Student: 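This structure is in structure tokens; I'll ask about it shortly.
Throughout, protein chains are lettered first and strands after them, A, B, ... in sequence-line order, and every chain is numbered starting at 1. Remember, it's a predicted structure, so these values are computed and weren't measured experimentally.
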Protein chains: 2
Amino acid sequence: MRENKSLYALLGILMFGPHTGYDIKQRIEQRLSHFWHESYGQIYPNLKRLVELGWATLTDELVSGRSRKIYTITKLGQIKFHEWMNQPLSPPSPEKNEMLLRLYFGQNQSIEENRQLIRNYREQMEEIRSVFHTIQNQLGVAEGEPAYGRMTLGFGMHVVEAITNWCLEQEIYLEKFNHGQ
Amino acid sequence: MRENKSLYALLGILMFGPHTGYDIKQRIEQRLSHFWHESYGQIYPNLKRLVELGWATLTDELVSGRSRKIYTITKLGQIKFHEWMNQPLSPPSPEKNEMLLRLYFGQNQSIEENRQLIRNYREQMEEIRSVFHTIQNQLGVAEGEPAYGRMTLGFGMHVVEAITNWCLEQEIYLEKFNHGQ
DNA sequence: GAGTACATGTAAAACGTTACATGATTGC
DNA sequence: GCAATCATGTAACGTTTTACATGTACTC
């Protein structure tokens, strides 16, 4: 049986307070999107499972005629959450990267095509960077305690910047080959 | 219908010449492991599919009593390979990162626990870095054309270094909080 | 009245890993 | 003889996305 990470992601969000499935989806999209995502097809069945496991409770509320199913974490859920938080990180297996896969097969393409591939990728990185800046500006400031949200965003910034630099280096490298080494 | 990237990964490897399923698995593990991976459960069924699609042919060979099923790319396969190589890159959706997920939930932990999380992650990065160095030393040199394998490895190096730096910065940042801002 | 956001869910398909099964050859 | 490597594959299971279905409330 594999560790179901989605279950713990939901649990972690419920640690901030009661949420509906819809709320959770919104929150993940708005604040965790640079390192996490869940679809409704994952969220609703997993919330149901959380209740079955006794890790959360479900209450029905009627807010202005509209029914909302509110999930609240239980004591047991909190225990399970802390267990997960303190268990060793699983060793990171490198992600699949389609751009690198194509680049690896680069001798089947022209040098100019490979350079274009890298340039396109760099442009994608620049878009991501601007999204990160937008998120950064929306981030609040909590005095006296570490800004965890800001830290996770900083991670993305560092990585995107490193990739951008790598792209620029490779573009120059390939450029030289195009003009006869 | 989702794009089956595995199919194109196999096709790309067949562009280097005929391979068996076993060969392909070896090659991916040894040379593409920093940005790609495939299990036998993907490779063998997809090779079968490649033949069904007419993108590869299968020949049985007996090498010293041992039977080997050798897959060779067809003309159609080469066309499909080039189509894929030249189609626009799909926009990169950020990967799930369990360390960042846990860090995001950091206010439920002590500052020291969060610092430990980041330190552990940094140690994992350092292991990866040393694996990359090993791979780098095994890489051959092809004069006169761009070293695509080396370029893909450089990508990993840049990213790992950026992450390591980020970790160090965050460790210092949290350290300060521990000693009263 | 129409469109957007709120709100919940399921079913099918696709994607991917792991464990298992099988058997030959090579090197010690 | 035994272990490691070569070699091929499947079945079960788990994960994840996508498309669909349904209905309310709010704003223009």
Student: Between His37(B) and dG16(C), is there a contact of a side-chain N or O with OP1 or OP2 at under 4.0 Å?
Tutor: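 Result: no.
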Student: Of the nucleotides dT24(D), dT8(D), dT10(D), which one has an atom closest to the side chain of Arg66(A)?
Tutor: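 Within the option list, the nearest is dT24(D).
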Student: How many Å lie between OH on Tyr44(B) and C1' on dA21(C), as a whole number?
Tutor: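 Distance check: Tyr44(B) OH to dA21(C) C1' gives 14 Å.
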Student: In Å and rounded to the nearest 0.5 Å, what is the CG to CD distance from Leu89(B) to Glu98(A)?
Tutor: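 Output value for this atom pair is 6.0 Å.
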Student: In whole Å, what is the span from the CZ atom of Arg27(B) to the P atom of dC6(D)?
Tutor: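 That distance rounds to 15 Å.
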Student: What is the separation between atom CD1 on Ile43(A) and atom C1' on dA7(C), rounded to the nearest whole Å?
Tutor: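 Distance, rounded to whole Å: 12 Å.
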Student: Please compare Lys96(B) and Gln26(B) by the position of their nearest nucleotide in DNA chain D and report the one closer to 5'.
Tutor: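 Residue closer to the 5' terminus by nearest nucleotide: Gln26(B).
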Student: Considering only side-chain heavy atoms of Lys69(B), which listed nucleotide, dT18(C), dG9(C), dT8(D), is closest?
Tutor: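 From the listed options, dT8(D) comes nearest.
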Student: Distance check needed: dC6(C) P versus Lys25(A) NZ, whole Å only.
Tutor: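 That distance rounds to 13 Å.
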Student: In terms of side-chain heavy atoms of Thr20(B), which of dT8(D), dG9(C), dC6(D) is nearest?
Tutor: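 Shortest atom-to-atom distance from the side chain points to dT8(D).
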Student: If you count the non-hydrogen atoms of other residues, nucleotides and ligands that lie under 6.0 Å from NZ in Lys48(A), is the total more than 12?
Tutor: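 Counting other residues, nucleotides and ligands, NZ of Lys48(A) stays at 12 neighbours or fewer.
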Student: Identify which nucleotide among dG9(D), dG16(C), dT17(D) has an atom closest to any side-chain atom of Ser6(B), counting heavy atoms from C-beta outward.
Tutor: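 Among dG9(D), dG16(C), dT17(D), the one nearest the side chain of Ser6(B) is dG16(C).
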Student: Only one of Trp36(B), Trp84(B), Phe81(B) forms a ring-ring contact (aromatic ring centres under 6.0 Å, His included) with Tyr8(B), so which one is it?
Tutor: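 Among Trp36(B), Trp84(B), Phe81(B), the one that satisfies the ring-ring contact (aromatic ring centres under 6.0 Å, His included) with Tyr8(B) is Trp84(B).
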Student: Output the single nucleotide from dC15(C), dT15(D), dT10(D) whose closest atom is nearest the side chain of Asn4(B).
Tutor: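 Between dC15(C), dT15(D), dT10(D), the one nearest the side chain of Asn4(B) would be dC15(C).
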Student: Name the residue closer to the 5' end of DNA chain D, choosing between Lys48(B) and Tyr40(A) according to the nucleotide with the nearest heavy atom.
Tutor: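 Per heavy-atom nearest nucleotide, the more 5' residue is Lys48(B).
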Student: Which nucleotide wins on minimum distance to the side chain of Asp23(A), given the candidates dT8(D), dA7(C), dT17(D)?
Tutor: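 The closest nucleotide is dA7(C).
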Student: Do Asn86(B) and Gln109(A) make a side-chain contact, defined as non-hydrogen atoms from C-beta onward lying under 4.5 Å apart?
Tutor: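 Contact flag for Asn86(B)/Gln109(A) side chains = yes.
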Student: Specify the separation, in whole Å, of atom OH of Tyr71(B) and atom C1' of dA7(D).
Tutor: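 Going from OH in Tyr71(B) over to C1' in dA7(D) covers 12 Å.
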Student: Once you round it to whole Å, what is the distance between P of dG23(D) and CG of Leu62(A)?
Tutor: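 Rounded to the whole Å, the gap is 17 Å.
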Student: Just call it for Gly21(A): base, sugar-phosphate, or nothing, with non-hydrogen atoms closer than 4.0 Å on any strand.
Tutor: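 The answer is sugar-phosphate, as Gly21(A) gets under 4.0 Å only of primed atoms, P, OP1 or OP2.
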Student: Given His19(B) and Leu14(B), is the side chain to side chain contact (heavy atoms under 4.5 Å, CB included) satisfied, shown in steps?
Tutor: CA-CA 6 Å; His19(B) 282 75; Leu14(B) 293 185; 3.9 Å; yes
Student: What is the distance, rounded to the nearest whole Å, between atom CH2 of Trp36(A) and atom C1' of dT15(D)?
Tutor: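 Computing the Trp36(A):CH2 to dT15(D):C1' distance gives 12 Å.
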Student: Ignoring the backbone of Arg68(A), work out which of dT15(D), dA7(C), dG9(D) is nearest its side chain.
Tutor: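 Out of dT15(D), dA7(C), dG9(D), the nucleotide with an atom closest to Arg68(A)'s side chain is dA7(C).
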Student: Which listed nucleotide (dA5(C), dG16(C), dG9(D)) is nearest to the side chain of Tyr22(A)?
Tutor: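 The closest nucleotide is dA5(C).
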Student: Atom CD of Glu3(B) to atom C1' of dT16(D): distance rounded to whole Å?
Tutor: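 It works out to 17 Å between those atoms.
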